[in-house]
Amino acid sequence: MLPVFPVVLPLFAAALLAALTKLVSQRLSQGIAIAATLATLGIESYLLHASAEQPIVYWFGNWLPRHGIALGISFTVDPIGAGLGTFASVLTLAALVFSSKYFDAAGNHFHALLLAFLAAMCGFCLSGDMFNMFVFFELMSAAAFALCGYKTEDPGSLQGSLNFAVTNTIGAYFVLSGIGLLYARTGALNMAQMGRALGAGPLDSLVLIGFVFIVCGYLIKAAVVPFHFWLADAHAVAPTPICILFSGVMVEMGLFALARIYWDVFNHALHPHLAGLRTLFVTIGVVTAFIGAFMCYLQRNVKRLLAFSTISHIGLMTIGVGLFTPEGLAGAAVYTLGHGAVKAGLFLVAGILLHRFESVDEFDLYAKGRRQRWTAAVFFAGGIALCGLPFSGLAAGDDLVHAAAAATGFNWVRLISLFAGAVTSAAVLRAGGRIFFGWGPAGDQSSAPKHEEKPETERGHDHTPATMFVPAAALVAAGLLVGLTPNLKPAASTAAMQFENTNAYATRVLDAQPAPAPLPPRPAPTEIFSGLLTVLGAITIAAVHLFSDRARDISAAIAKPLQLLHQIHSGHVGDYVAFLTFGMACFGLLCAYCFR
Amino acid sequence: MSYLPYAVAAWLFIVGLYGVISSRNLIHLVICVGVIQSSSYVLLLSIGYRAGRVAPIFADIPANTLAVDPIVQALMLTDIVVEVTVIALLLSLAVQIHKRHGTLNPDRLMKVSG
């Protein structure tokens, strides 16, 4: 019974809050939401612990499989899924605490939507059924669209939310059409059974189209280039507490889905073509990391800057997942923890700035944060952690991804993460230097145009409440310290090995046989040197940008051709869908080339 | 076994996408999203359809009668429920956008970009 509670509990609390919205005070509503989130967090962490040896399979209504044929709908709990669910609960908790001074007049819908969002994310991580995954995906999206456009008085907020909603809904139709086509071939919706049936059948154009549809649908959520346009718009306009969930865990859900779909469903059918797929996904990851980093550096809106930095880091995670090895997936999982916590902390600092000074624009805020010593400390710690400071969570993820890349002949991937880490982190440090110390000149014409941001809080602009500062500091600290957890890397590698053992997964789900104990993982060396090099690079870029007039002229000259990138990010939903269609056609052709 | 339903589904998908890309009016755009959605209905129903078989309601027919596949029909019903929510949300966003921006033309909404 236990695996259903992370879904049922927040959903029930959400329904309760929505029903009682007129009767319950804001404070009580927040209390109920926090209690429900804490309970979900407890259950998820228990599931994480309990599934370490064996995946837990739960069949709804006790409709057990007969003779290897799934009759019912299952939840399949493994450490990667449960871990992602646990992390989603932690970030939801931080968002709830942070928002306690928010939306004073906005009613309780915010809490109800947030709980529905959490329930959908947990269900998505735990589901063992392809169609259920789609339903949770849609529930997650619908809650996210509503939360993104929550500030309906802000015109920008509505536009960002519309772009987000239209692109992601089209992504959901891709997924559904793909599921329909695969059902036509396999007659199954349970992922383990689909995997077996696809392994027995030929790899023809039907399977190819199904694969392309489903993967593209989920990659839209994962915001890889060229499906990434919605992300920056949505992040720039969403309420700050929501940004931390979008950046920290929702986008990563898309990559989780990619891993789940590949290993549970397509592994048998596509295994002979793994080398081609690996090259394809690593290429997508590299392009995403580069474009995200460039766009990040060109921003002056701090929230938009952090959003593009997320795109860049998603590129690095895509490389991890797309190497299709246990270390790669383990690296992406650890990276998700490190990146999610640090990025969430940085977004919360942006929220504090918005609360204090009613702006998130780098130049509006010039030198305004001089007295915010502690906030500045958190911001700079986050900025340094973002480029993979040795022994931080991001660095631990990097170590694993680099080990996986070296084992599969992509040794140069470390250069990509060095570049992307240094540039995105330099952008954060540069903004921090301007805002908190007044370094560099006060105006700059080389960056993107300004976007007006409505304040999110109604009063108390003269101080930073503890409910805002503590979650920010705690998240950045967690992102730094998680890398020091002994056993993190081996545990993640073991979990990833279990995740990627397609046969053991299928016999566990369909035949109720215990999975064999995974082999001991290969240790991934800690790379202190390249981590320090990245930090050094980030500080150098930021310092040169702020203090050298000559360098600023040069960087302005480099930025000229990059204006084209700016123009592509037009904020026009039709353009985004055109890119999305184009991207899917390219992806399909490349897959067809790989599978020929 | 006819290929016609699949061709219809593909056609609906493509015209829906084209409509979204070229739309000059947000209401029209949301309806085009609905057209893409209809394509998935047609696809699901045509996967489950078998010529000459009965509806899968076994109240007064023998249990071994050949019927069309009820699972895809259930999927489609679920899909309708989910998508009605999303379309309603999109339409309400369009209404709000009209209130704040004074236009429904996506070409004129340029608050966020770059």
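Scope of the values below: all heavy atoms of this structure, side chains included, with no hydrogens, waters or symmetry mates.
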### Query
Using a cut-off of under 4.5 Å for heavy-atom pairs, which of A:V135, A:L580, A:V166 has the most such pairs with chain B?
A:V166
### Query
If you count heavy-atom pairs under 4.5 Å with chain B, which of A:L181, A:L139, A:L162 comes out on top?
A:L162
Shortest non-hydrogen contact from [X] to [Y]?
X: B:I47; Y: A:G180; result: CD1-O, 3.1 Å
X: A:A165; Y: B:L90; result: CB-CD2, 3.4 Å
X: A:A142; Y: B:L89; result: O-CD2, 3.6 Å

For [X], is it the side chain, the backbone, both or neither that has a heavy atom under 4.5 Å from a heavy atom of chain B?
X: A:F134; result: side chain
X: A:S177; result: both
X: A:T169; result: side chain

#### Entry: Check: A:L176 and B:L44 side chains under 4.5 Å, non-hydrogen atoms
yes
### Query
More than 12 non-hydrogen atoms from neighbouring residues, nucleotides or ligands closer than 6.0 Å to CZ on A:F60, yes or no?
yes
### Query
About how many Å separate OG of B:S38 and OH of A:Y173, when rounded to the nearest 0.5 Å?
8.0 Å
#### Entry: Inter-residue atom distance A:L158.CG - B:K99.NZ, 0.5 Å rounding
10.0 Å
### Task
Would you mind telling me which of B:V81, B:L43, B:V72, B:I87 has the largest number of heavy-atom pairs within less than 4.5 Å of chain A?
B:L43
### Task
Write out all pairs satisfying side-chain hydrogen bond (donor to acceptor under 3.5 Å, both in side chains) with one or both partners inside residues 130-147 of chain A, taking only residues at least two apart or from two chains.
A:S141-A:K221
### Contact listing (chain A partner; residues 13-33 of chain B; heavy atom under 4.5 Å)
B:F13, B:L17, B:V20, B:I21, B:L26, B:L29, B:V33
#### Entry: Heavy-atom contacts under 4.5 Å, residues 52-71 of chain B to chain A
B:D69, B:I71
### Which residues share a salt bridge (Lys or Arg N to Asp or Glu O under 4.0 Å) with B:E83, sequence neighbours left out
none
### Task
Go through the atoms of B:L75 and report whether side chain, backbone, both or neither lie under 4.5 Å from a heavy atom of chain A.
both
